[in-house]
Amino acid sequence: MDGSLADQRMSTHNAPSGSGSGPSNAAHRHVVTDNLTSLQTFILEEEARFPNASGEFSWIVSAISLAAKMIAYKVRHVRLQGGVGQQGDVNVQGEEQIKMDVIANEVIMRVLGSRKSIAVLGSEEEEQPAILRRGSEGGKYCVLFDPLDGSSNLDTAVGVGTIFTILRNDPHIPDAVKTVCQPGRQQVAAGYVLYGSSTVFVITTGHGVHMFELDMSVGSFLLVSRDLKMPRAKKVYSVNEAYTEGFPEGYQRYLKWAHAQGYSSRYIGSMVADIHRTLVNGGVFLYPPTKKHPDGKLRLLYEANPMSFLVEQAGGVSVNGSVRTMDIEPKALHERTPLVMGSADEVEHVLRHVRG
Ligand code: AHM
Ligand code: MG
C-alpha cells in the first residue's frame, strides 16, 4: 500500500474468525471496493449496454487516455523537457506555436494514428485533417482535438487541457473536411483532460458527464464523479473583461447588470480550466465577438462543440449568442464561434440582455 487513490478506495478486511491467523482466515477475507472503476472499465461497461457494439469505440477512448497520460507527464515537467517558449512557427490560426503545442499534437497523432477504427483525425495545430482509413478500409469514427488548449499559460504553470470530440465517419463523403463538418448534436462522445493541480478526464457519450482523476501511482484514470450535474444558477461570470468595449452592446449591458447584482468574476484564460470550474461550481463562461475576433475566438468543431456537449449533458446551456451552439452547421475545420455557456439560468440572463 502506498497511499494511492486506488489504495484508499480499496481496503482489505480480515473478518475476525476467533481462530487466530493461518489458512482458515482466508475464507473470511473479503474486499471492499467502494466503486473503484477505471476509465477503461467504465467505457467497457457503457459499451456493454449496446449488444452490437464492436469495441472500436473503447479502443479510441483508451488511446486518448494513453495520450493524455503522456501529455500530463510532459506538462508536469515542461521546463525540464524544454517545452516552454515558442516553436518559431505559426499555426493555421495565425498564432505562434508553443513547443508543447507541437509535442502534444505529435503525441496524439502518433497514439491515435495507429487505431484502425479512426478514419479522419483533425487537430487545431494542423491545417488539414489527416485521412487515415477511408472507403472500403473502414474506420467508423473521426476524432478532432485541440492538443493543448491554453498553452500560452504554460510558462506560468497555469492549468491547460486537451479537448476532443468523436464523430461518426460517413464513408460516402469523399472529402475529409466535409466529413468532419458535422453539427455538434451529432457527436458520439466528447471530453477534455485538464492538466491542473490534479489531472482530470471528463467525458460524455450522451449519457451524463463523468469525471476521472489520474492516480499516478497506478497509471489509471479512476472514476471520482458519475453523472455530474452543474448548478442551475451561480452568480459568477467568466470573460476577458478587458475586451468589454469591443463587445456588442448586449454583452456590455449584461456586464453592467451583473455588476449591479453583485456577481463575482473568475477568468483563468485557459478554456478547459474555466469550463471545468463552471461545470463543477456553476456560473457562465463567455467569449463574445470582439474587435480582434468579430466571429469569436474559440473554434467551433474541437473547442465549442465538445464543451457544449458536456455542458448540456450536465444540465447547462450553450449558445453562440442567439442559437444553440450544437445546431450550427459548420463550414470549415477551423471555423470560430462566439460562445456563451454554463448554468441554465445564467445563460438566460446573458441572452436577455443580448436580445435587447
Ligand atoms: P488556444 O487554443 O490558442 O490556446 O486559445 C484558446 C484560449 C482558450 O483557452 C481561452 O479561453 C482563450 O484562448 C483566452 O483568450 P484571451 O486571452 O483572448 O482571453
Ligand atoms: Mg485551443
Side-chain angles (χ1 to χ4, degrees), residues 67-68 71 75 78 83-87 89-105 107-108 122-127 143-165 190-196 200 202 236-247 251 255 265-279 283-308 310-311 318 320-321 325 330 332-342:
I71 297 170
V75 165
V78 68
V84 283
Q86 296 187 335
Q87 173 79 5
D89 293 327
V90 171
N91 69 9
V92 64
Q93 325 287 334
E95 296 156 350
E96 291 278 357
Q97 281 182 313
I98 311 286
K99 286 180 193 160
M100 262 309 290
D101 282 329
V102 177
I103 295 170
N105 189 52
V107 167
I108 300 182
S123 163
E124 175 179 333
E125 302 301 331
E126 311 269 346
E127 188 164 358
V143 181
L144 303 181
F145 60 92
D146 180 352
L148 207 55
D149 185 69
S151 55
S152 61
N153 291 305
L154 273 175
D155 51 359
T156 48
V158 169
V160 293
T162 298
I163 311 172
F164 64 89
T165 174
Y192 61 78
V193 187
L194 170 61
Y195 313 105
V200 291
V202 180
V236 174
Y237 62 78
S238 183
V239 66
N240 192 334
E241 218 159 344
Y243 304 149
T244 304
E245 284 176 12
F247 291 162
Y251 292 95
L255 287 169
S265 157
R266 292 282 182 278
Y267 190 68
I268 298 167
S270 187
M271 188 198 195
V272 178
D274 278 316
I275 296 293
H276 186 68
R277 184 199 54 250
T278 307
L279 259 182
V284 61
F285 172 87
L286 308 97
Y287 208 113
T290 62
K291 281 192 181 128
K292 187 173 172 197
H293 295 294
D295 298 322
K297 179 183 181 192
L298 300 169
R299 273 51 57 121
L300 174 61
L301 280 169
Y302 45 80
E303 292 179 327
N305 273 343
M307 291 307 197
S308 302
L310 290 160
V311 162
S318 172
N320 71 350
T325 307
L333 176 62
H334 299 290
E335 178 173 337
R336 296 174 193 263
T337 180
L339 202 55
V340 179
M341 59 162 65

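First listed ligand is number 1; within each ligand, the first listed atom is number 1.
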Below 4.0 angstrom from a heavy atom of [X], which ligand 1 atoms are there? Numbered from 1 as shown, please.
X      : value
Glu124 : 1 (P), 2 (O), 3 (O)
Asp146 : 2 (O)
Tyr287 : 15 (O), 16 (P), 18 (O), 19 (O)
Gly150 : 4 (O), 9 (O)
Tyr267 : 14 (C), 15 (O), 16 (P), 19 (O)

Next on the checklist: Quick check for you: to the nearest 0.5 Å, what is the distance between Leu194 atom CG and Ile275 atom CD1?
Outcome noted: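 Those atoms lie 11.5 Å apart.
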Next on the checklist: Please report the interatomic distance CD(Glu125) to CZ(Phe145), rounded to the nearest 0.5 Å.
Outcome noted: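 One gets 9.0 Å once the value is rounded to the nearest 0.5 Å.
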Checklist entry - ligand 1 and Leu148, any nitrogen or oxygen pair closer than 3.5 angstrom? => result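 No; the residue has no nitrogen or oxygen that sits under 3.5 Å from a nitrogen or oxygen of the ligand.
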Next on the checklist: Using a plain distance cutoff, I'd like to know if Ser270 has any nitrogen or oxygen under 3.5 Å from a nitrogen or oxygen of ligand 1.
Outcome noted: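 No, there is no polar N/O contact under 3.5 Å.
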Item to check | Distance-only polar pair, side chains of Ser151 and Asp101, donor-acceptor under 3.5 Å | outcome: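 Note: Ser151 and Asp101 side chains meet the donor-acceptor criterion.
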Item to check | Polar side chain donor-acceptor pair, Thr162 to Tyr195, under 3.5 angstrom | outcome: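 Result is yes, a qualifying pair exists.
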Shortest non-hydrogen contact between [X] and [Y], atoms and distance:
X      : Y      : result
Ser238 : Tyr267 : OG-CD1, 3.6 Å
Thr165 : Leu301 : CG2-O, 3.5 Å
Asp149 : Glu303 : OD1-OE2, 2.8 Å

Considering heavy atoms of the protein only, find what lies nearest to [atom] and give residue, atom and distance to 0.1 Å.
atom                    : value
atom 6 (C) of ligand 1  : Asp149 OD1, 3.4 Å
atom 15 (O) of ligand 1 : Lys297 NZ, 3.0 Å
atom 3 (O) of ligand 1  : Glu95 OE1, 3.3 Å

Next on the checklist: Just to be sure I'm reading this right: ignoring hydrogens, which of Met271, Arg299, Glu125, Lys292 gets closest to atom 1 (P) of ligand 1? Compare them by their nearest heavy atoms.
Outcome noted: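 Nearest heavy atom to atom 1 (P) of ligand 1 lies in Arg299.
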Atom name, [X] (N, O or S, nearest to the Mg ion (ligand 2)):
X      : value
Glu303 : OE2
Glu124 : OE1
Asp149 : OD1
Asp146 : OD2

Next on the checklist: Is it the case that atom CD in Glu241 sees more than 12 heavy atoms from other parts of the structure closer than 6.0 Å?
Outcome noted: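 Atom CD in Glu241 is crowded, with more than 12 foreign heavy atoms closer than 6.0 Å.
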Checklist entry - Between Asp274 and ligand 1, which part of the residue brings a heavy atom under 4.0 Å of the ligand: side chain, backbone, both or neither? => result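 Looking at Asp274 and ligand 1, no heavy atom falls under 4.0 Å.
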Next on the checklist: Please check: side-chain N/O of Asp146 versus main-chain N/O of Tyr302, any donor-acceptor pairing under 3.5 Å?
Outcome noted: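 Here the side-chain-to-backbone pair does not exist.
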Next on the checklist: Yes or no: does Glu303 have any heavy atom under 4.0 Å from an atom of ligand 1?
Outcome noted: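 A heavy atom of Glu303 does come that close to ligand 1.
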